[in-house]
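Notes follow the structure.
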Amino acid sequence: MSRFVLPGAIGLALVGYRGTGKSTVGRLVAGLLGREFLDADAVLEARLGRSIRSVFETDGEAVFRDKEEAVLAELTSKPGQTVLATGGGVVLRPGNRAALRRFGHVVWLRADPAVLARRLRHDSARPPLTAAGTLAEIADVLSAREPLYREVAGTVIETGGCPPSEVARLILTALIPVACEWQATTGQGG
Ligand code: S3P
């Protein structure tokens with residue numbers, strides 16, 4: 001069977017809370033689609049020559065969000081062809097949500113707070129987002145963000161007990177109707 005081809009004009013972006021596997025899964029999906037993988041946070045850190053945690057600590061979250069918005073605008077302005085993993089808070093700004101929708105198809109990787117707390121428990125690289133810490137922080141921040149993830153997402157994948165390879169396979173399956181609809185609408189092949 002030939003490899004599934006997502007039409008080049010359709011960008012693919014992954015959104016979701018920290019610990020949902022956006023980078024790991026994004027890299028796998030990019031490999032399966034034969035596309036370049038871009039991680040918006042990694043691009044930002046490479047440009048600044050500093051960690052995101054250090055930007056939060058030294059300059060504050062608002063400065064980080066400005067830089068995040070600028071990198072996202074740049075990465076989503078190129079037409080399709082890439083798989084883009086985004087930072088968990090990228091959906092907070094309306095301009096970012098609009099940029100993601102223009103870019104192409106957005107997949108929201110979801111998981112319950114308890115699952116995320118387990119996955120993130122040994123993580124010290126990420127900056128804290130509230131004073132609450134761990135499970136309480138995740139539950140609060142996630143419930144505030146869920147409507148925003150839902151607003152941008154064309155596909156929602158429950159990552160709960162799934163290994164990254166299985167999540168990647170679920171994403172590819174979800175992309176089949178997206179590609180068919182695009183072909184029907186534009187009259188073009190992949
Ligand atoms: C953030 C998530 C992080 C990073 C920054 C802020 C957030 O990305 O962008 O620490 O607000 O949830 P990951 O989701 O890749 O950890």
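In each ligand, atom 1 is the first atom listed, and ligand 1 is the first ligand listed.
In terms of protein heavy atoms, atom 4 (C) of ligand 1 is closest to Asp41 OD2, 3.2 Å.
Shown here are the side chain to side chain donor-acceptor pair (under 3.5 Å) partners of Arg65, two or more places apart in sequence or in another chain: Glu61, Glu68.
The side-chain heavy atoms of Thr159 and Arg110, taken from C-beta on, include no pair separated by under 4.5 Å. For the pair Glu146 and Leu142, the minimum side-chain heavy-atom distance is below 4.5 Å.
Of the N or O atoms in Phe56, none lie within a sub-3.5 Å distance of an N or O in ligand 1. Close N/O approach between Arg18 and ligand 1 is found [any backbone or side-chain N/O within under 3.5 Å].
Of all atoms in ligand 1, listed by their number and element, those nearer than 4.0 Å to a heavy atom of Pro127 are 10 (O). Interface of Ile52 with ligand 1, defined as ligand atoms under 4.0 Å from a residue heavy atom, comprises 5 (C), 10 (O). Within ligand 1, the atoms closer than 4.0 Å to a non-hydrogen atom of Leu129 are 7 (C), 11 (O), 12 (O), numbered from 1 in the order shown. Set against the non-hydrogen atoms of Lys22, the atoms of ligand 1 under 4.0 Å away are 13 (P), 14 (O), 15 (O).
Among Leu14, Leu116, Val167, the one residue that satisfies the side chain to side chain contact (heavy atoms under 4.5 Å, CB included) test with Thr20 is Leu116. Each of Leu33, Ile10, Thr155 was checked for a side chain to side chain contact (heavy atoms under 4.5 Å, CB included) with Leu175, and the lone residue meeting it is Leu33.
Annotation: side chain to side chain donor-acceptor pair (under 3.5 Å) contacts involving residues 21-30, sequence neighbours excluded, comprise Ser23-Asp39.
The shortest separation from a heavy atom of Arg53 to ligand 1 is not under 4.0 Å, leaving the residue out of contact.
Looking at Arg47 and Glu74, a side-chain N of the basic residue comes within less than 4.0 Å of a carboxylate O on the acidic one, giving a salt bridge.
Which of Glu45, Arg126, Arg145 comes nearest to atom 12 (O) of ligand 1 through a heavy atom is settled by distance: it is Arg145.
Only the side chain of Arg65 comes within 4.0 Å of ligand 1, counting heavy atoms alone; its backbone N, CA, C and O stay farther away.
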